[in-house]
J.: 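Before anything else, here's the structure in question.
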Amino acid sequence: MEKPEERTERLHKIRHSTAHVMAEAVRELFPGTRIAIGPAIEEGFYYDFQLPQPLKTEDLPRIEERMKGIIAEERPFQKRVVGREEARELFREEPYKLELIRDLPEGEEISLYSQGGFTDLCRGPHVASTRELPADAFKLLSIAGAYWRGDEHNQMLTRIYGTAWQSPRELADYLRKLEEIEKRDHRRLGRELDLFSTHEEAGAGLIYWHPKGARIRAIVEEYWRRKHFANGYEVVNTPHIGKSWLWETSGHLGFYAQNMYAPLSIDKADYYLKPMNCPFHILIYKSAVRSYRDLPLRWAELGTVYRYERSGVLHGLLRVRGFTQDDAHIFCTPEQIEEEILGVLRFSLDIWKDFGFKDVRAYLATQPASGAVGEPARWAQATESLRKAIEKEKLEYTLDEGGGAFYGPKIDLKIKDSLGREWQMTTIQFDFNMSERFQMTFAASDGSLQRPYMVHRALLGSLERFFGVLVEHYGGAFPLWLAPVQVTAIPVAPAFNEHAKAVVAALKALDLRAEADLSEQRMNAKIRAAQEQKVPYMLILGEKEKTAGTLSVRSRSGEQFAAESVAKFAAMVHDRVKKLE
RNA sequence: GCCGGAUUAGCUCAGUGGUAGAGCGGCUCACUCGUAAUGAGCAGGUCGUGGGUUCGACUCCCACUUCCGGCUCCA
C-alpha cells in the first residue's frame, strides 16, 4: 500500500511530466509557440505559452490527442546537466527560458529534461518514461490568461490548465468532484433557492439579499450579537461617510486611496464612503478620556464598507464592492494583549464550530522587512502574543515571515469546507499606525498617558463572503437553525388547504419558520418542490391528520415519522435549533 | 485593470445574412389526489447597450455593459 507522501510525490511527477508532454504537443500544433513555465499544482498542472494565435477551447481535444500520441511512443525522460552557456545556446529562441537561466543563481545546477524531441529547462523530477503516464487519466480543463511571473506589468501569456491522475477511475472521481462543486456554486444556489441577486443595471459587485437570504442573514446577525455580548463586547454603530479630515488623519487617503471611491461634495467639504470602520471607532474612543481601568474596550460593529475592486475580480458573494464586515476593535493595555488575543482566537474557533466548520488553519504574518511603523518592542510583543495564542489552542499554523501589514502583525484563519476547500475568513490584526496617527491615549496607573494597543478583527470576515461560503459548505441544505424555511405544509388535496393554513399559523405562533404550499399542483409535485428547496421538514396533511390533530412529517433526508401534535413537533424543532442542528 | 470566452423568454439552452425556438417556470382550465414532476391550453423576447457594414443584421465589424475561467489584488 502506497503511503500518502509517496502518492503525492508520484502524482506530482505524473503531473509535471504531463505538463511537459502538453508543451511538446502545443509547440508541435502551433509552430512559433514560446514556452514559459509549467509546474504541477494541487490537483493537476498548467503550462504557460506565448502563442502565435489565440487558443480556443475546441483546440484542447486536438492537443489531448497529440499528447496521447506522444505518450504512446513510450519515450524515456532523460535528465542532462549543462553549463550556463550551453543552456543559453539551446534556448536561444525561448526568451522566457533565457530569462529563467539568467536568474538562476551562480553555482546552481542547470538541468534539462527531454522526452524524445522535446527538451525543457527543468529541475525535475519526472517519471522515467511516458509509459508511466496514464493516457486515459488526464484531461485538459481550461484556458486562461496569466502574466509572465505573475506580474501585471509583464506580457500576458496563455495558460492551459489540466489535471492528471494515476488511473481513469481517479480522474472520473475528480471530474465528479468538479461537477459537485459546480452544483454547489453559491451563485447557482443563490438563484435556485432565491437567496440573493445582483443587477448589472444597478452596479456590479453589489448584493441584493432576497427575503430567504436576508432571513438567514438575520439569524446569523442575531447569533453574532448574542455571542458578542456574551464574550464581553459592546456593539457600536457608525456612519457610512466621513469627511476627508478623517481619512487624511487615518492615512487611508495616502495608502488606501486606490480602493476608495471618489468623494461626495457636501457643503463644500469632501466626504468619503468608508472602506473601513476603524477611524470611526477611534473617534468613539477619543470621545472621552480613557483610563487603564476602562480597558480593555471591545467594540463590534456590523459595518458596511465600500471598496473599489477591479472589474475582473468580482465574483458572486465572495468578492464584491459593498460588504458588511463583522468588525471589532479592541483597545487594551500592553499587559492585556496576550489574554485579549487568546480570547479572540477562542471566540473565533467557537463560532466556526457552531457553523459546522471543524478544520481551521492559522497563518501568522510577521513584521515586513521594510516600511513598518511602530516600535520594534511593540512588534515583538504583539507577534509573541499571537504565536502564544495559536500554540495554546494547538492550532496548526504556517508562519508567513515578513507577511504582515506595515502597521502590525496578524493571524489569518482559513477554514476548510465540506469539499475540502480552504477559505480565508477570520483576520486578527494589530494596528500600530492608527493609534499613533489619532494620538490615542489612556491614563495609566501612574498617571502617565500611554498609547493603547489596538487590535482589529473580523471573525466571519464579511457577511457576504461568509454567506457564500456557508451556501457552498451546506450545498444549500442549511441546518435547521439556519434554514430560511424550516417547515413546508403540504395538503394532500385542495380540500385540506384550510387545515394546512391553520397548522402553519400555529407553527408561526410557536416561532417556527413555516410555509404552506397552496399551489395548484398535486401533492407529489409539492414534495418534490420542497425537496428541491431543501426544506428540512415537510408536513403531509390530509384527512387523518386533520381529524386526529397529528402530523405526518417527512424530513428532507426522506425519512417519515409522526408527531402527536403541533406543539410536540414544535418542541422537537426548538430542541434541535437550540443545539444548532 | 489584463488575457480568453460568453451575453437570445424568469431559468437552462438551441438557432443563424431573409419575419425568433424548446424544456422548465408562470398563468388558465380540467383532475380532488397520501410521501420527489397529472394533463391540456395560453401568455411571455425591440436576441445586453450604442454605433457601423448591408436591399436586409439575432447572425458580420467596432466600442461599451455585465457575466464566466484565470492573472493580479483582497474581507
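FYI, side chains are in, hydrogens and waters are out, and symmetry mates aren't considered; it's all heavy atoms of this structure. Note on naming: letters A, B, ... go to the chains in the order of the sequence lines (proteins, then strands), and numbering restarts at 1 for each one.
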J.: Quick one, give me the B/S/- string for nucleotides 39-50 of chain B, reading 5' to 3', where B means a protein heavy atom under 4.0 Å from the base and S means that only happens at the primed atoms, P, OP1 or OP2.
T.: ------------
J.: What is the distance, to the nearest angstrom, from the CD atom on A:E201 to the P atom on B:C67?
T.: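 Interatomic distance, CD of A:E201 to P of B:C67: 11 Å.
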J.: If you only use heavy atoms from C-beta on, which nucleotide in B:A37, B:U35, B:G34 is closest to the side chain of A:I527?
T.: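 Minimum distance to the A:I527 side chain belongs to B:U35.
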J.: Tell me, please, which residues at least two apart from A:Y474 pass side-chain hydrogen bond (donor to acceptor under 3.5 Å, both in side chains).
T.: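 Checked A:Y474 against side-chain hydrogen bond (donor to acceptor under 3.5 Å, both in side chains); zero matches.
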J.: So which one's nearest nucleotide on RNA chain B is more toward 5', A:G205 or A:V492?
T.: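 First, find each residue's nearest nucleotide; the 5'-ward one identifies A:V492.
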J.: With heavy-atom distances below 4.5 Å as the criterion, would you say the side chains of A:I411 and A:Y397 are in contact?
T.: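 They are not in side-chain contact.
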J.: To the nearest angstrom, how far is A:L206 atom CG from B:U65 atom P?
T.: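 These atoms are roughly 15 Å apart.
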J.: Rounded to whole Å, how long is the line connecting atom CZ of A:R528 with atom P of B:C24?
T.: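 It is 11 Å, rounded to the nearest whole Å.
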J.: OH of A:Y407 to CD of A:Q429: how many Å apart, nearest 0.5 Å?
T.: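 A:Y407 atom OH to A:Q429 atom CD measures 4.0 Å (nearest 0.5 Å).
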J.: Show the atom names and distances, to 0.1 Å, of all donor-acceptor pairs under 3.5 Å that link a side chain in residues 483-490 of chain A to residues at least two apart or in another chain.
T.:
unit_1 : atom_1 : unit_2 : atom_2 : d
A:Q486 : OE1    : A:R513 : N      : 2.9
A:Q486 : NE2    : A:L480 : O      : 3.1

J.: Are there over 12 heavy-atom neighbours, none belonging to A:Q258, within less than 6.0 Å of that residue's CD?
T.: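 For A:Q258, atom CD is crowded (more than 12 foreign heavy atoms under 6.0 Å).
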J.: For the pair A:D412 and A:K410, evaluate salt bridge (charged side-chain N to carboxylate O under 4.0 Å, His left out) and give the outcome as yes or no after the intermediate values.
T.: CA-CA 7 Å; A:D412 286 333; A:K410 64 168 179 175; 3.1 Å; yes
J.: Give every residue pair that meets the ring-ring contact (aromatic ring centres under 6.0 Å, His included) criterion with at least one member in residues 516-548 of chain A, sequence neighbours excluded.
T.: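 Of all non-adjacent pairs touching residues 516-548 of chain A, those that pass ring-ring contact (aromatic ring centres under 6.0 Å, His included) are A:Y537-A:F569.
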J.: Would you say that A:L189 contacts A:E192 through its side chain, given a criterion of any heavy-atom pair below 4.5 Å between the two side chains?
T.: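 The answer is yes; the side chains approach within 4.5 Å.
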J.: Report the C-alpha distance between A:R159 and A:S142 in whole Å, list the side-chain angles of each, state the deciding distance to 0.1 Å, and finish with yes or no for side-chain hydrogen bond (donor to acceptor under 3.5 Å, both in side chains).
T.: CA-CA 8 Å; A:R159 176 172 296 179; A:S142 59; over 6 Å; no
J.: Rounding to an integer number of angstrom, what distance separates B:C24 and B:U66 when you compare their P atoms?
T.: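 Roughly 34 Å separates the two P atoms.
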J.: What's the gap between B:U12 and B:G25 when it is taken at their P atoms, as a whole Å value?
T.: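 The same atom, P, in both gives a distance of 15 Å.
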J.: Remember a base hit wins even if backbone is also touched, and classify A:K526 as base, sugar-phosphate or nothing at under 4.0 Å, heavy atoms.
T.: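 Touches nothing.
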J.: Could you pull out every donor-acceptor pair under 3.5 Å between side chains of residues 548-558 of chain A and any protein atom, sequence neighbours left out?
T.:
unit_1 : atom_1 : unit_2 : atom_2 : d
A:R554 : NE     : A:Q531 : OE1    : 3.0
A:R554 : NH2    : A:Q531 : OE1    : 3.1
A:S555 : OG     : A:S557 : N      : 3.4
A:S555 : OG     : A:S557 : OG     : 2.7
A:R556 : NH1    : A:F478 : O      : 2.9
A:R556 : NH1    : A:K534 : O      : 2.8
A:R556 : NH2    : A:F478 : O      : 2.6
A:S557 : OG     : A:E559 : OE2    : 3.3

J.: Show the numbers, then the answer: is there a ring pair (Phe, Tyr, Trp, His ring centres under 6.0 Å) between A:W352 and A:F466?
T.: CA-CA 11 Å; A:W352 291 121; A:F466 171 68; 5.8 Å; yes
J.: Give me the distance, rounded to whole Å, that separates B:A20 from B:U59 when you measure between the P atoms they each carry.
T.: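 Straight-line distance between the two P atoms is 13 Å.
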J.: So, taking the atom named CG in A:D59 and the one named CG in A:L29, what distance separates them when rounded to the nearest 0.5 Å?
T.: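 Between A:D59 CG and A:L29 CG, I get 8.5 Å after rounding to 0.5 Å.
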J.: Between P on B:G34 and CD1 on A:I490, what's the gap in Å once rounded to a whole number?
T.: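 After rounding, the gap between these two atoms is 14 Å.
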J.: State which residue, out of A:K177, A:R421, A:K139, fulfils the salt bridge (Lys or Arg N to Asp or Glu O under 4.0 Å) condition with A:E43.
T.: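 Of the listed options, the one satisfying the test is A:K177.
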J.: With ring pair (Phe, Tyr, Trp, His ring centres under 6.0 Å) as the test, pick out the partner of A:W165 among A:Y174, A:F138, A:F45.
T.: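 By the ring pair (Phe, Tyr, Trp, His ring centres under 6.0 Å) criterion, A:W165 pairs with just one of A:Y174, A:F138, A:F45: A:Y174.
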J.: Taking the P atom of each, how far is B:U19 from B:A57, in whole Å?
T.: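 Each nucleotide's P atom is 12 Å from the other's.
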J.: Quiz question: going by heavy-atom distance under 3.5 Å, is there a donor-acceptor pair between the base of B:A36 and the side chain of A:R554?
T.: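 Yes, a donor-acceptor pair under 3.5 Å.
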J.: Send over the distance from A:I160 CD1 to B:C3 C1', rounded to a whole Å.
T.: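 Taking atom C1' of B:C3 as the reference, CD1 of A:I160 is at 13 Å.
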J.: Taking the same atom, C1', in B:G69 and in B:G52, what whole-Å distance lies between them?
T.: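 Result for the C1' pair: 31 Å, nearest Å.
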J.: When the C1' atoms of B:U8 and B:G21 are considered, how many whole Å apart are they?
T.: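 It works out to 10 Å between them.
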J.: Could you tell me which residues satisfy ring-ring contact (aromatic ring centres under 6.0 Å, His included) with A:F496, sequence neighbours excluded, listed by chain and number?
T.: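 Once residues adjacent in sequence are excluded, A:F496 has no partner under the ring-ring contact (aromatic ring centres under 6.0 Å, His included) criterion.
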J.: Do nucleotides 9-14 of chain B as a string where each nucleotide becomes B, S or -: B if the base has a protein heavy atom under 4.0 Å, S if just the sugar-phosphate does, - if no protein is that close.
T.: --SS--
J.: If I pick the P atom on B:U16 and the same atom on B:A75, what distance separates them, to the nearest angstrom?
T.: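 B:A75 and B:U16 have their P atoms separated by 47 Å.
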J.: Taking B:C29 as the reference, what is the distance to B:G17 when you measure between their C1' atoms (whole Å, please)?
T.: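 To the nearest whole Å, 43 Å.
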J.: Who are the ring-ring contact (aromatic ring centres under 6.0 Å, His included) partners of A:H199, not counting sequence neighbours?
T.: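 Residues passing ring-ring contact (aromatic ring centres under 6.0 Å, His included) with A:H199: A:Y208.
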J.: Could you check how far CD of A:Q50 sits from P of B:G4, rounded to whole Å?
T.: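 So the CD-P distance, A:Q50 to B:G4, works out to 13 Å.
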J.: Please encode protein proximity along nucleotides 27-32 of chain B as a string of B, S and -, counting only heavy-atom distances under 4.0 Å.
T.: ----BB
J.: Can you tell me the distance, in whole Å, between the CD atom of A:Q155 and the P atom of B:G1?
T.: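 A:Q155 atom CD is separated from B:G1 atom P by 20 Å.
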J.: Dot-bracket for RNA chain B, please. Rules: Watson-Crick or G-U, both distances under 3.5 Å, ( ) within the strand, [ ] when a pair crosses earlier ones, | for another strand, . otherwise.
T.: ((((((...((((....[..)))).(((((.......))))).....(((((..]....))))).))))))....
J.: Who pairs with A:K501 by side-chain hydrogen bond (donor to acceptor under 3.5 Å, both in side chains), at least two apart in sequence or on another chain?
T.: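 For A:K501, the residues satisfying side-chain hydrogen bond (donor to acceptor under 3.5 Å, both in side chains) (neighbours in sequence not counted) are A:E498.
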J.: Less than 4.5 Å apart, any side-chain heavy atom of A:I341 and any of A:F430?
T.: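 Yes, close enough: below the 4.5 Å cut-off.
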J.: Specify the residue among A:Q560 and A:P54 whose closest nucleotide of RNA chain B lies further upstream toward the 5′ end.
T.: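 With A:Q560 and A:P54 compared, the 5'-side residue is A:P54.
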J.: Within the structure shown, what part of the strands sits under 4.0 Å from A:Q258 by heavy-atom distance: base, sugar-phosphate, or nothing?
T.: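 Nothing: the residue A:Q258, judged by heavy atoms under 4.0 Å, touches no strand.
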J.: Classify every nucleotide of nucleotides 68-75 of chain B by which part a protein heavy atom approaches to under 4.0 Å, writing B for the base, S for the sugar-phosphate alone and - for neither, in 5'-to-3' order.
T.: SBBBBBBB
J.: Counting any heavy atom closer than 4.0 Å, what does A:Y308 reach on the DNA or RNA strands: base, sugar-phosphate only, or nothing?
T.: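 Sugar-phosphate contact only.
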